[in-house]
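Data block below; observations after.
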Amino acid sequence: MKNQNAQIANNDPLLRDLQLFCTVARRSSFIAAATEMGFSPAHVSKRILTLEQMLGVKLFNRTTRRVNITSDGEAAFIWAQKILEDVEAMIETLSGLRSEPRGTLRIGTSLRLGREHIAPILSLFRTRYPGLEIWLELLDRRADQIADNFDIDIRVGEVQEKHLIAQRISESSRILAAAPSYLKRRGQPRSLADLAQHDCLLFRGRDQSFGVWRLEGPGGVETVKVTGPMASNHSDIVRQWALEGHGIIMASHWDVAGRLKDGSLIRILPAYCQSADVWAVTTARSSNSAKVRACVQFLREQLSEGPYALITA
């Protein structure tokens, strides 16, 4: 994204070069860094070379396909990140009396949640606060908060990392459902253990065990090993297969609420569900940022009510 963290680097070539260096280090690619920052690869290469000459060390080993950070580069990366974070914190602290959040927000989330809910909510947020620049990245994997350099990672399901701060922004759960055509052909499962004899459509989510479904029911938490003829890492594909009658799906309630309402999917074993609250995850440092706090609060409000709320009924 061009002029990323412009409040830090607009008037200082060294800070811009350090920011560019950190982006190359995270991406292991001049081309990927150039795309993210809005520069040409030639400009990125030139500025990194200038930084190397100024520091008197080689920061990257370059190959035709990627760049690998050197040991000197790793040391420089630690320093550069701290410098950029400290400058941004200073600017935000000294301008803390401003009522309007400014600067760059980097946000990561999963594919469908991001496309259908988070992206349009962030559009509303940016309209309210035009001083912000927003980078939204949709992932089919769990984000690495530090390596991916996200201010906020929006996740479905429990947050395991103890060094991160998680704020619940919407309550939800995963439920079981199948198309009427599948249930007519194979019958209704009567217990969670019956799922082992059914075709289950497997989705490798960012936080799910593949092929093992763990749900809470009347007797507490139960686990069942499931198999099926079709699997994908994309929730849209798995849901479409369920609609076409290929098997049973476990999905977030909000993700299938419309299909349950129109009857194209039927909930099965309604006494069972899996907790799948939506969380805004931050590092301890970024959680103190005014722009992060404003964004988290806005997401919480919009996911609860409004045109992009997570409907569960």
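Note that these values count all heavy atoms, side chains included, but never hydrogens, waters or copies made by symmetry.
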Practice problem: Could you tell me which residues satisfy side-chain contact (heavy atoms from CB on, under 4.5 Å) with Pro41, sequence neighbours excluded, listed by chain and number? | Solution: Ile31, Ala34

Quiz item: Heavy atoms, side chains only, cut-off 4.5 Å: are Leu215 and Leu176 in contact?
Solution: yes

Quiz item: Same hydrophobic cluster for Met54 and Ile78, using side-chain heavy-atom links shorter than 4.5 Å among ILVMFWY?
Solution: no

Quiz prompt | Pairs satisfying ring pair (Phe, Tyr, Trp, His ring centres under 6.0 Å), at least one member in residues 282-301, at least two apart | solution = Phe125-Phe298

Exercise. Using the test salt bridge (Lys or Arg N to Asp or Glu O under 4.0 Å), find all partners of Arg168 that sit at least two apart in sequence or belong to another chain.
Key: Asp277

Quiz item: Any link between Val57 and Val67 through a network of hydrophobic side chains (Ile, Leu, Val, Met, Phe, Trp, Tyr) touching at under 4.5 Å?
Solution: yes

Quiz item: How long is the gap from CG on Leu299 to CG on Leu124, to the nearest 0.5 Å?
Solution: 10.5 Å

Quiz item: Applying ring pair (Phe, Tyr, Trp, His ring centres under 6.0 Å), which residue pairs with at least one partner in residues 264-291 are found, sequence neighbours left out?
Solution: none

Self-check item: Any donor-acceptor pair under 3.5 Å from Ser232 side chain to His234 backbone
Solution: yes

Practice problem: State plainly whether one hydrophobic cluster holds both Ile154 and Ile165, where clusters connect Ile, Leu, Val, Met, Phe, Trp and Tyr through side-chain heavy atoms under 4.5 angstrom apart. | Solution: no

Quiz item: Between Thr109 and Leu138, does a side chain to side chain contact (heavy atoms under 4.5 Å, CB included) hold up when you go through it step by step?
Solution: CA-CA 5 Å; Thr109 191; Leu138 305 187; 3.6 Å; yes

Self-check item: Pairs involving residues 47-61, ordered by first then second residue, that meet salt bridge (charged side-chain N to carboxylate O under 4.0 Å, His left out) (sequence neighbours left out)
Solution: Asp17-Arg47, Glu52-Arg62

Quiz item: Between atom CG of Leu202 and atom CG of Asn233, what is the distance when rounded to the nearest 0.5 Å?
Solution: 12.5 Å

Practice problem: Could you tell me which non-hydrogen atom of Ile266 sits nearest to which non-hydrogen atom of Pro180, and how far apart they are? | Solution: CD1-CG, 3.8 Å

Quiz item: Roughly how far, to the nearest 0.5 Å, is the OG atom of Ser275 from the CD atom of Glu158?
Solution: 6.0 Å

Quiz item: Who passes side-chain hydrogen bond (donor to acceptor under 3.5 Å, both in side chains) against Gln240, sequence neighbours left out?
Solution: Glu244

Quiz prompt | Side-chain donor-acceptor contact under 3.5 Å, Ser264 with Asp262 | solution = yes

Quiz prompt | Contact summary for Ile268 and Gln188, nearest pair of heavy atoms | solution = CG2-OE1, 3.4 Å

Quiz prompt | salt bridge (charged side-chain N to carboxylate O under 4.0 Å, His left out) contacts in which one or both residues fall within residues 184-196, not counting sequence neighbours | solution = Arg186-Asp199

Practice problem: For Ser304, enumerate each residue passing the side-chain contact (heavy atoms from CB on, under 4.5 Å) test, keeping only those at least two apart in sequence or located in another chain. | Solution: none

Quiz item: Residues in side-chain contact (heavy atoms from CB on, under 4.5 Å) with Gln197, at least two apart?
Solution: none

Self-check item: Inter-residue atom distance Thr223.OG1 - Leu192.CG, 0.5 Å rounding
Solution: 8.0 Å

Quiz item: Got Ile107 and Cys295 here, is their nearest side-chain heavy-atom distance under 4.5 Å?
Solution: yes

Quiz item: Checking side chain to side chain contact (heavy atoms under 4.5 Å, CB included) for the pair Ile248/Trp213: CA distance, chi angles, key distance, verdict?
Solution: CA-CA 12 Å; Ile248 297 170; Trp213 286 356; 4.3 Å; yes

Self-check item: Taking every non-hydrogen atom, the tightest pair across Asp151 and Thr104
Solution: OD2-O, 3.6 Å

Quiz item: Is the backbone of Gln19 close enough, under 3.5 Å, to the side chain of Thr23 for a donor and an acceptor to pair up by distance?
Solution: yes

Quiz item: Rounded to the nearest 0.5 Å, how far apart are CZ of Phe150 and CZ of Arg106?
Solution: 6.0 Å

Quiz item: Backbone N or O of Asp255 within a donor-acceptor pair of the Ser252 side chain at under 3.5 Å?
Solution: no

Practice problem: With side chain to side chain contact (heavy atoms under 4.5 Å, CB included) as the test, would you mind laying out the steps for Trp241 and Ile249 before giving the verdict? | Solution: CA-CA 9 Å; Trp241 287 338; Ile249 186 176; over 6 Å; no

Exercise. Please answer whether the main-chain N or O of Leu132 pairs with a side-chain N or O of Arg126 as donor and acceptor at a distance below 3.5 Å.
Key: yes

Quiz item: If you group Ile, Leu, Val, Met, Phe, Trp and Tyr by side-chain heavy-atom gaps below 4.5 Å, do Leu14 and Leu84 land in one group?
Solution: yes

Self-check item: Distance-minimising heavy-atom pair for Ala280 and Val296
Solution: CB-CG2, 4.0 Å

Quiz item: When Phe203 is tested against each of Val238, Asp236, Ile237 for side-chain contact (heavy atoms from CB on, under 4.5 Å), which residue passes?
Solution: Val238

Exercise. Keeping to residues at least two apart or across chains, list the salt bridge (charged side-chain N to carboxylate O under 4.0 Å, His left out) pairs with something in residues 295-311.
Key: none

Quiz prompt | Sidechain N-carboxylate O distance under 4.0 Å for Arg26, Glu137 | solution = no

Practice problem: Taking all non-hydrogen atoms of both residues into account, name the closest pair between Ala25 and Phe77 and its distance. | Solution: CB-CD1, 3.7 Å

Quiz item: For Leu265, which fellow cluster members are found when Ile, Leu, Val, Met, Phe, Trp and Tyr are connected by side-chain heavy-atom distances below 4.5 angstrom, either directly or through intermediates?
Solution: Ile175, Leu243, Val256, Leu260

Quiz prompt | side-chain hydrogen bond (donor to acceptor under 3.5 Å, both in side chains) partners for Arg267, two or more places apart | solution = none

Quiz prompt | side chain to side chain contact (heavy atoms under 4.5 Å, CB included) between Val226 and Met250, worked out | solution = CA-CA 11 Å; Val226 294; Met250 181 167 68; over 6 Å; no

Self-check item: Closest non-hydrogen atom pair between Arg27 and Ala32, with its separation
Solution: CB-CB, 3.9 Å

Self-check item: Side chain proximity check, Leu18 to Cys22, heavy atoms < 4.5 angstrom
Solution: no

Quiz prompt | Gap between atom CZ of Phe30 and atom NE2 of His43 - 0.5 Å precision | solution = 12.0 Å

Quiz item: Between Tyr182 and His198, how do the two ring planes meet: parallel, tilted or perpendicular, split at 30° and 60°?
Solution: tilted

Quiz item: Is the shortest heavy-atom distance from the side chain of Ile69 to the side chain of Val24 under 4.5 Å?
Solution: no

